[in-house]
Engineer: 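Please see the structure below; I have some questions.
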Amino acid sequence: MEDINILIKQRLEKAEELKKDGHNLFKYNFDKKQSIDEIQNKYKDVKQKESGFAKTAGRIMIKRLHGKSGFADLKDESGEIQLYFRKDFVGDEKFSLFKKLDIGDIVGVEGTLFRTKTNELTIVVKKFDLLTKSFRPLPEKFHGLQDKEIRYRQRYVDLIVNDDVKETFKTRSKILSNIRKYMEENNYIEVETPVLQDIYGGANATPFITKHKTLDKDFYLRISLETYLKRLIVGGFEKVFEIGKVFRNEGIDRQHNPEFTLMEYYAAYNDLFDMMNYTEGMIKYLVKTIGFDSGIIEYDEREIDLSGDWERLSMKKAIEKYADIKIDDKENDKLKNIILREDEKAELDNSSRGELIYRIFELLVEDNLINPTFIIDFPIEVSPLAKKKRDAQKGDFVERFELFMNGWEIANAFSELNDPHDQRERFQKQEKKFVEGNEEAQRMDEDFIRSLEYGMPPTGGVGIGIDRLVMLFTNSKSIKDVIFFPHLKDK
RNA sequence: GGGCCAUUAGCUCAGGUGGUAGAGCAACGCCCUUUUAAGGCGUGGGUCGAAGGUUCAAGUCCUUCAUGGCUCACCA
C-alpha cells in the first residue's frame with residue numbers, strides 16, 4: 001500500500017487488535033441462506049414484533065451507534081437491509097466486535113426480523129461474524145463517488161457505492177443472455193474463432209500488432225469476426241454466431257473503446273432481406289424482454305421509437321430525403337463540392353464515385369437517423385465483402401444494409417460475397433489502397449479465398465456493435481459507462 | 001491531434017482583486033438500547049495534480065507537463 005494514510009493506518013491497527021483477540025480477518029466461507037432482496041420479499045408483511053429468520057451476508061455500508069445498541073446497513077448484490085445490534089442479544093464480546101467494525105467490512109449475520117417505528121424491515125442480529133476486513137475507507141455515504149477518473153480506474157469502488165452502475169451492467173448481462181436465448185431458439189450455434197490472426201479482415205480499421213515469441217512472428221488482434229465465421233459456413237455449419245472482443249487501433253472517445261464487443265451471425269441460404277427481418281425481430285425481442293413494453297426507448301431526453309415496422313431506405317433515397325440531393329443528377333465534381341462544403345479539409349483526389357456518395361451519406365444523413373432505419377444499397381467501393389445487387393442497374397451497388405438508431409450505426413450486414421474470383425478482385429483493390437497509404441484498407445486473404453473456392457452457400461451475415469446497443473438500452477452517454485474497465489491513459 | 005474546462009483532507013465541495021488552508025460526511029475519544037444524511041461534546045487529518053517562473057509573499061498570477069471531462073476531426 002503505497003499511499004498509506006492515517007485512515008488506513010487506523011484500520012491496520014484495529015486489524016492487529018482483532019487478530020490478537022483471536023479473530024481470523026479472512027474467513028473461508030459462510031452459509032449464506034438468503035440474498036437481501038429475498039429477505040425483503042419474504043418478510044415484507046412482518047410487523048413490529050420479532051418474527052421469521054434470516055441468514056445472510058454482505059458489506060457494512062453505514063453504522064449508527066447508540067451506546068449499548070446500534071444499527072448498520074448491510075448491502076449485497078441484490079439490495080440493502082438494516083441490521084439492529086443489541087449488547088444483551090449478542091453478548092459483550094460480540095458487541096465490542098460490532099463497535100470495531102469499519103464501513104466496508106464484510107460480515108455474515110443471522111437473526112429474526114422486525115419493523116422499526118419508522119417502518120423499516122430490520123434484522124435483529126443474534127449471531128454475526130466478521131468475514132473479511134476492509135482496509136480502505138469508502139467514499140462518503142451521501143454524495144457517493146463522483147470523480148469519473150476514479151470511477152473508471154477503480155470500478156470496484158464505483159460498483160460498491162453507485163447502485164445505478166450495477167444496474168447498467170446487470171442490463172448488459174441480460175441483453176447478452178437474451179441475445180443468446182434468441183439465437184439458440186432460432187437454431188444458431190455459438191462458436192469461437194481466433195483472436196490472434198495472420199491476416200486481419202472483415203472491416204476497415206487499423207489493427208493492433210502483437211508478437212508470438214517461440215514462432216518469432218507477428219500476429220494481428222482481430223478487427224472483426226467475419227472471415228473465420230464464413231469459413232465455418234463453408235465447412236457446413238449453417239447458422240453460427242459469435243460474441244467477442246475485437247480490437248481497433250484508433251481514437252478513444254465517448255463512442256469508441258480500443259477493444260469492444262462485436263456480435264456477428266451468419267445464416268446459409270439467407271440473403272440480406274432475410275437478415276434484415278431477423279435482426280429487426282431480435283432487437284424487438286430485446287426491447288420487450290429488457291422491459292421497454294411500449295417499444296420506446298428514452299435516450300438523452302430523446303425518444304427512439306422501435307415499435308412498428310422499421311424504415312428501409314436506399315442510400316441514395318436517404319440522401320435525397322435528408323439532404324435534398326439527387327445523386328444521379330450530379331457529376332462527381334459536384335459531389336466533391338458538396339463534401340468540401342461540409343468538410344473543407346477532405347482529400348478527394350483519389351475518391352471514386354461510390355466513396356463520394358458514402359461520404360455524403362455520412363456527413364449529411366447519419367445524424368438524422370434517430371428511429372431505427374435500415375439503409376440499403378451501398379456503393380461497391382466501400383463494401384468489399386458484399387455481393388453485387390442481383391438487379392444491378394448502372395452504377396455499382398451491393399446488397400448491404402446498415403441499421404441506424406440515434407444517429408449511430410448499430411448493425412452492418414451483407415448478402416455475403418461468395419464468388420471467390422470477385423472476392424479476389426475486391427481484395428486486390430483494397431490492397432492497392434493499402435499500398436497507397438490507407439492503413440484501414442482490407443488485406444488480401446488467400447486462405448479465405450481458397451475456402452470460398454470450395455463453395456460457400458448463399459449466406460446472409462450481420463455484425464452488431466453490442467456496446468452501443470447497451471448504451472441505448474441503459475441511457476449511457478459514454479461507452480465507458482457500459483464497459484467495466486474502459487481504457488484510460490497510464491497515470 | 002485541435003479548442004475549452006477541471007484537478008484543494010479518504011469522499012463531496014468552499015476558498016472576490018496574491019497575505020502561512022476551511023466545511024459536511026468519513027475517522028479517533030467520550031455519552032446515548034428503535035436510529036436511518038441519528039444526535040451531543042471533544043480531537044486528529046493537507047507537499048492545494050507535477051515542475052519551473054514572477055513576487056517580500058502564490059491554492060490564487062505566468063509557462064510547461066500529467067490526468068480527466070466536454071467538444072471538433074477520424075473511426076464502430
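The chains referred to below are lettered A, B, ... by the order of the sequence lines, with proteins before strands, and numbering in each begins at 1. Since we're looking at a predicted model, the values are computed, not measured.
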Engineer: Return the pairing partner of B:U17 with a 3.5 Å limit on both distances, Watson-Crick or G-U wobble; otherwise return none.
Structural biologist: none
Engineer: If the P atom of B:A50 is compared with that of B:A58, how far apart are they to the nearest Å?
Structural biologist: 15 Å
Engineer: Taking side chain to side chain donor-acceptor pair (under 3.5 Å) as the test, write out the residues that go with A:Asp158, two or more places apart.
Structural biologist: A:Arg151, A:Arg155, A:Asn162
Engineer: If you take any heavy atom closer than 4.0 Å to RNA chain B, which residues from residues 81-101 of chain A end up in contact?
Structural biologist: A:Gln82, A:Tyr84, A:Arg86, A:Asp88
Engineer: Using a cut-off of 4.0 Å between protein heavy atoms and nucleotide atoms, how would you tag nucleotides 10-15 of chain B 5' to 3' with B, S and -?
Structural biologist: BBS---
Engineer: Only counting residues at least two apart or in another chain, list the ones meeting side chain to side chain donor-acceptor pair (under 3.5 Å) with A:Asp305.
Structural biologist: A:Ser307
Engineer: I want to verify a distance call: between B:A37, B:U35, B:C32, whose nearest atom is closest to the A:Phe142 side chain?
Structural biologist: B:A37
Engineer: Take A:Met282 and A:Tyr265, measure what side-chain contact (heavy atoms from CB on, under 4.5 Å) needs, and give me the verdict at the end.
Structural biologist: CA-CA 12 Å; A:Met282 181 178 73; A:Tyr265 45 104; 3.8 Å; yes
Engineer: When the distance from CG of A:Asn438 to P of B:C75 is rounded to whole Å, what number comes out?
Structural biologist: 9 Å
Engineer: Just call it for A:Arg153: base, sugar-phosphate, or nothing, with non-hydrogen atoms closer than 4.0 Å on any strand.
Structural biologist: sugar-phosphate
Engineer: My understanding is that only residues two or more places apart in sequence, or in another chain, count here; which of them pass side chain to side chain donor-acceptor pair (under 3.5 Å) with A:Lys284?
Structural biologist: A:Glu280
Engineer: Nearest heavy atom decides the nucleotide; on that basis, is A:Lys489 or A:Glu342 closer to the 5' end of RNA chain B?
Structural biologist: A:Lys489
Engineer: Using the C1' atom as the reference point in each nucleotide, state the distance between B:A73 and B:C4 in Å, no decimals.
Structural biologist: 16 Å
Engineer: What are the two closest heavy atoms between A:Ala15 and A:Phe135, and how far apart are they?
Structural biologist: CB-CE2, 3.6 Å
Engineer: Please give, in whole Å, the distance from B:C25 P to A:Arg64 CZ?
Structural biologist: 15 Å
Engineer: List in chain and number order the residues that pass salt bridge (charged side-chain N to carboxylate O under 4.0 Å, His left out) with A:Arg180, two or more places apart in sequence or in another chain; answer none if no residue qualifies.
Structural biologist: A:Glu190
Engineer: Distance between the P atoms of B:G44 and B:G24, in whole angstroms?
Structural biologist: 14 Å
Engineer: Quickly work out the A:Glu366 CD to B:C75 C1' distance and round it to whole Å.
Structural biologist: 11 Å
Engineer: Just how far, in rounded Å, is C1' of B:A37 from CD of A:Glu120?
Structural biologist: 13 Å
Engineer: Strictly by salt bridge (charged side-chain N to carboxylate O under 4.0 Å, His left out), give each pair with a member in residues 73-86 of chain A just once, sequence neighbours left out.
Structural biologist: A:Lys32-A:Asp76, A:Arg64-A:Asp73, A:Lys75-A:Asp163, A:Arg86-A:Asp88
Engineer: In whole angstroms, how far is the P atom of B:U33 from the CZ atom of A:Phe114?
Structural biologist: 15 Å
Engineer: Please list all pairs passing the side-chain hydrogen bond (donor to acceptor under 3.5 Å, both in side chains) test where one or both residues lie in residues 470-479 of chain A, with sequence neighbours left out.
Structural biologist: A:Thr474-A:Ser476, A:Asn475-A:Lys477
Engineer: List every contact pair, protein side and nucleotides 70-72 of chain B side both N or O, where the distance is under 3.5 Å.
Structural biologist:
| unit_1 | atom_1 | unit_2 | atom_2 | d |
| --- | --- | --- | --- | --- |
| B:U71 | OP1 | A:Arg254 | NH1 | 2.9 |
| B:U71 | OP2 | A:Arg254 | NH1 | 2.1 |

Engineer: Taking the six-membered ring for Trp, are A:Tyr188 and A:Tyr278 parallel (under 30°), tilted (30 to 60°) or perpendicular (over 60°)?
Structural biologist: tilted
Engineer: Report the nucleotide, chosen from B:U34, B:U33, B:C74, that has the shortest atom-to-atom distance to any side-chain atom of A:Thr116.
Structural biologist: B:U34
Engineer: Is it true that the side chains of A:Arg172 and A:Thr168 contain a donor and an acceptor less than 3.5 Å apart?
Structural biologist: no
Engineer: Mind checking A:Ile103 for me? I need base, sugar-phosphate or nothing, with any heavy atom below 4.0 Å counting as a touch.
Structural biologist: sugar-phosphate
Engineer: Over all strands shown, is A:Lys14 touching base, sugar-phosphate only, or nothing at heavy-atom distances under 4.0 angstrom?
Structural biologist: sugar-phosphate
Engineer: Can you list everything that forms a side chain to side chain contact (heavy atoms under 4.5 Å, CB included) with A:Gln430? Sequence neighbours excluded, please.
Structural biologist: A:Asn204, A:Pro384, A:Lys433, A:Ala441, A:Gln442
Engineer: Counting just side-chain N and O atoms, does A:Arg359 come under 4.0 Å of either OP1 or OP2 of B:C74?
Structural biologist: yes
Engineer: Taking only the P atom of each, what is the distance from B:G49 to B:G59 in whole angstrom?
Structural biologist: 10 Å
Engineer: Using atom C1' in both nucleotides, what's the gap between B:G46 and B:A9 to the nearest angstrom?
Structural biologist: 6 Å
Engineer: Could you pull out all residues at least two apart from A:Asp253 that satisfy side chain to side chain donor-acceptor pair (under 3.5 Å)?
Structural biologist: A:His256
Engineer: Rounding to an integer number of angstrom, what distance separates B:G16 and B:U12 when you compare their C1' atoms?
Structural biologist: 23 Å
Engineer: Could you grab the distance from atom CG of A:Asp92 to atom NZ of A:Lys68, nearest 0.5 Å is fine?
Structural biologist: 10.5 Å
Engineer: Rounded to whole Å, how long is the line connecting atom OH of A:Tyr358 with atom P of B:C75?
Structural biologist: 8 Å
Engineer: Measuring only the C1' atom in each nucleotide, how far is B:A6 from B:A14? A whole number of Å is fine.
Structural biologist: 16 Å
Engineer: Identify the nucleotide, in any strand shown, that forms a Watson-Crick or G-U wobble pair with B:G68, with both distances under 3.5 Å; if there is none, say none.
Structural biologist: B:C5
Engineer: Under 4.0 angstrom, heavy atoms only, what part of the nucleic acid is A:Asn257 near: base, sugar-phosphate, or nothing?
Structural biologist: base
Engineer: NA contact type, A:Arg248, heavy-atom cut-off 4.0 Å: base, sugar-phosphate, or nothing?
Structural biologist: base
Engineer: When both hydrogen-bonding distances must be under 3.5 Å and the geometry is Watson-Crick or G-U wobble, what is B:G29 paired with, if anything?
Structural biologist: B:C41
Engineer: Scan residues 142-161 of chain A for pairs that pass ring-ring contact (aromatic ring centres under 6.0 Å, His included), counting only residues two or more places apart or in two chains.
Structural biologist: none
Engineer: How close or far is atom C1' of B:A37 from atom CE of A:Met61, stated in whole angstroms?
Structural biologist: 14 Å
Engineer: Between B:G53 and B:C70, how far apart are the two C1' atoms, rounded to whole Å?
Structural biologist: 30 Å
Engineer: Both distances below 3.5 Å, Watson-Crick or wobble geometry, any strand: find the nucleotide opposite B:G46.
Structural biologist: none
Engineer: Measure the distance from CG on A:Leu65 to P on B:U34 and round it to the nearest whole Å.
Structural biologist: 12 Å
